[in-house]
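To start, the structure itself, in structure tokens.
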Amino acid sequence: MANALGIVSPSVHCFRRRNRAPLGLDGSEKKTALICLAAADGGVEGRVLDSTSSRSCRPRVVGMGSKLVGCGSAVPKLLISNDDLAQIVETSDEWISVRTGIRNRRVLSGNETLGGLAVAAAKGALQMAHVEAEEVDLVIMCTSTPDDLFGCGAQVQRDLGCKNAWAFDITAACSGFVVGLITATRFIKGGGFQNILVVGGDVLSRYVDWTDRGTCILFGDAAGAVLVQACGSDEDGLLGFDLHSDGHGQRQLNAPAKDDHSNFISNNNGTSLFPPKKASYSCIQMNGKEVFRFAVRCVPQSIEAALEEAGLTSSSIDWLLLHQANQRIIDAVATRLEIPSAKVISNLANYGNTSAASIPLALDEAVRTGKVQAGNTIATAGFGAGLTWGSVIMRWK
């Protein structure tokens, strides 16, 4: 991978070549049935996981394709405009909109939580897909800002009533949804799962320094979700993907842990021994110019790699849907890929950068307004802290 102006290590390799499902003698994909057996001794499943003890043990068929069949989104009630921010920091609507394309963002208030937004978004996806909560096999919660230190995927599963599913969290910042989407398709192809909810949500307002003009203007809160469903290989909607990460760029975008230095017991020579330092997270710190350079260089390369795997060219794309970070980045990537602005999906002006929520939020709006139609091919890419970045070429339904 070429070095992105000193941010991305030249030793990074793309994750592209993967073993496909084994082929039969006729060249078709072999489908292997894996039978899920329940514990017969009244062990952990019977004693602890009461909600799943009655799960039907249906066969799991591996080697299946994946398709997107539903989407949903949710945003907080409180709208903060650029004019509102101009009362807090030295800025203006014109200054913000010209440099970022952002005019408004939504921020948590009152009793709102990330989990509540995630549940609302997931319900929208289930409703569109005509899938009941009990039919969901897995919930993947993509977030860097959970309501609980240990994640909130299981709480989202609980509140949705997905009693036959298990759940886990993925932390990959603004790339999180792309990582979660690819992960879902692997569980379908290799694990025989049938219905998987992928939820992307973040509430970065909790970690914004509202006195820093360089960052407080950028971020908003939201959640978005898709329902990924198993299908035959002829309907497979995941056409290609490409993933990268490079920790050398962490210094350009981060929110590191910070220690509380108060109330320590020391030994005779003054060395702190106990208790351990309490930690919290600092506000988001970002080198905007370097992140911009990284994105406009690496994101087009990633999309081109995913297109190559899919056997497509940029002219085959119906829609370009990027992580909604900055309109200048979106425009620069589209220009490099020679994709006209009429094929670019952007709702950045209304919501700002919502991290892992930005792609499913924009997709949901585009589907519900009739912009994205069944059979459309979408090139999507996430990029951000880590540094992490990746792309998916997918077909809607």
Side-chain angles (χ1 to χ4, degrees), residues 1-5 7-23 27-29 63-68 172 174-186 188-190 226 228 231 233-246 249 293-323 325 329-345 359 363 372 375-384 386-397:
M1 182 69 184
N3 187 294
L5 299 179
I7 299 180
V8 181
S9 169
S11 63
V12 174
H13 301 287
C14 69
F15 176 49
R16 292 180 52 217
R17 301 303 176 191
R18 294 168 293 282
N19 293 327
R20 301 300 184 186
L23 297 179
S28 62
E29 288 188 358
M64 301 294 286
S66 305
K67 61 180 179 180
L68 302 180
C174 300
S175 303
F177 178 76
V178 168
V179 176
L181 181 60
I182 295 169
T183 301
T185 66
R186 300 308 90 186
I188 288 173
K189 182 173 286 290
V226 297
V228 186
C231 64
S233 57
D234 57 330
E235 297 180 280
D236 197 350
L238 184 86
L239 308 179
F241 69 85
D242 179 73
L243 290 171
H244 302 267
S245 63
D246 186 2
R293 291 172 182 170
F294 146 70
V296 299
R297 180 179 179 87
C298 293
V299 173
Q301 292 175 344
S302 180
I303 293 175
E304 287 169 346
L307 282 168
E308 180 182 356
E309 184 179 83
L312 300 173
T313 64
S314 60
S315 61
S316 306
I317 296 172
D318 294 304
W319 299 104
L320 176 66
L321 172 52
L322 302 180
H323 163 53
I329 293 176
I330 295 172
D331 293 342
V333 173
T335 298
R336 177 160 179 178
L337 294 172
E338 298 182 344
I339 296 175
S341 58
K343 291 186 175 184
V344 177
I345 296 174
I359 292 173
L363 174 65
V372 171
N376 281 179
T377 299
I378 304 169
T380 188
F383 51 91
L387 295 170
T388 60
W389 65 105
S391 302
V392 173
I393 309 301
M394 60 186 182
R395 184 184 301 113
W396 174 248
K397 291 193 175 183

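If you read the sequence from its start, that first residue is 1, and numbering goes on from there. Any value given below was found using the heavy atoms of this structure, including those in side chains, with hydrogens, waters and symmetry copies removed.
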Q) Could you walk me through whether Leu238 and Val392 pass the side-chain contact (heavy atoms from CB on, under 4.5 Å) check? A) CA-CA 7 Å; Leu238 184 86; Val392 173; 3.4 Å; yes
**Q.** Nearest heavy-atom neighbours spanning Ala295 and Pro300
**A.** O-CD, 3.6 Å
Q.
I need the Arg186 CZ to Leu181 CG distance, nearest 0.5 Å.
A. 10.0 Å
Q.
Working to the nearest 0.5 angstrom, can you tell me the gap between Cys231 SG and Lys397 NZ?
A. 13.5 Å
Q) Do Met64 and Glu235 come close enough that some side-chain heavy atom pair is under 4.5 Å? A) no
Q | Side chain proximity check, Ile345 to Thr380, heavy atoms < 4.5 angstrom | A | no
Q. Which distance, rounded to the nearest 0.5 Å, do you find between the CZ of Arg395 and the OG1 of Thr377?
A. 5.5 Å
Q. With no hydrogens and no angle check, do the side chains of Asp242 and Ser302 hold a donor and an acceptor under 3.5 Å apart?
A. yes
Q: Supply the atom-to-atom distance Ser391 OG to Gln301 CD, rounded to the nearest 0.5 angstrom.
A: 10.5 Å
Q. If you take all heavy atoms of Val296 and Ala332, which pair is closest and at what distance?
A. CG1-CB, 3.6 Å
Q: With Ile378 as reference, evaluate Ile359, Leu321, Ile393 under the side-chain contact (heavy atoms from CB on, under 4.5 Å) test and give the passing residue.
A: Leu321
Q. What closest approach, in Å, do Gly240 and Glu309 show between heavy atoms, and which atom pair accounts for it?
A. CA-OE1, 3.2 Å
Q. Any side-chain heavy atom of Val179 within less than 4.5 Å of one from Thr388?
A. no
(Q) Ile330 and side-chain contact (heavy atoms from CB on, under 4.5 Å): which single residue from Leu320, Val344, Thr335 fits? (A) Val344
Q) Is the closest side-chain donor-acceptor distance between Thr185 and Ser66 under 3.5 Å? A) no
Q) Taking atom OG of Ser316 and atom CG of Leu307, what is their separation to the nearest 0.5 Å? A) 7.5 Å
Q: Can you label the angle between the Trp389 ring and the His244 ring as parallel, tilted or perpendicular, going by 30° and 60°?
A: parallel
Q: Run the numbers on Val226 and Phe177 for side-chain contact (heavy atoms from CB on, under 4.5 Å), then give the verdict.
A: CA-CA 10 Å; Val226 297; Phe177 178 76; 3.8 Å; yes
**Q.** CG-CE distance between Asn376 and Met394, expressed to the nearest 0.5 angstrom
**A.** 10.5 Å
Q. Going by heavy atoms in the side chains, are Ile329 and Phe383 under 4.5 Å from each other?
A. yes
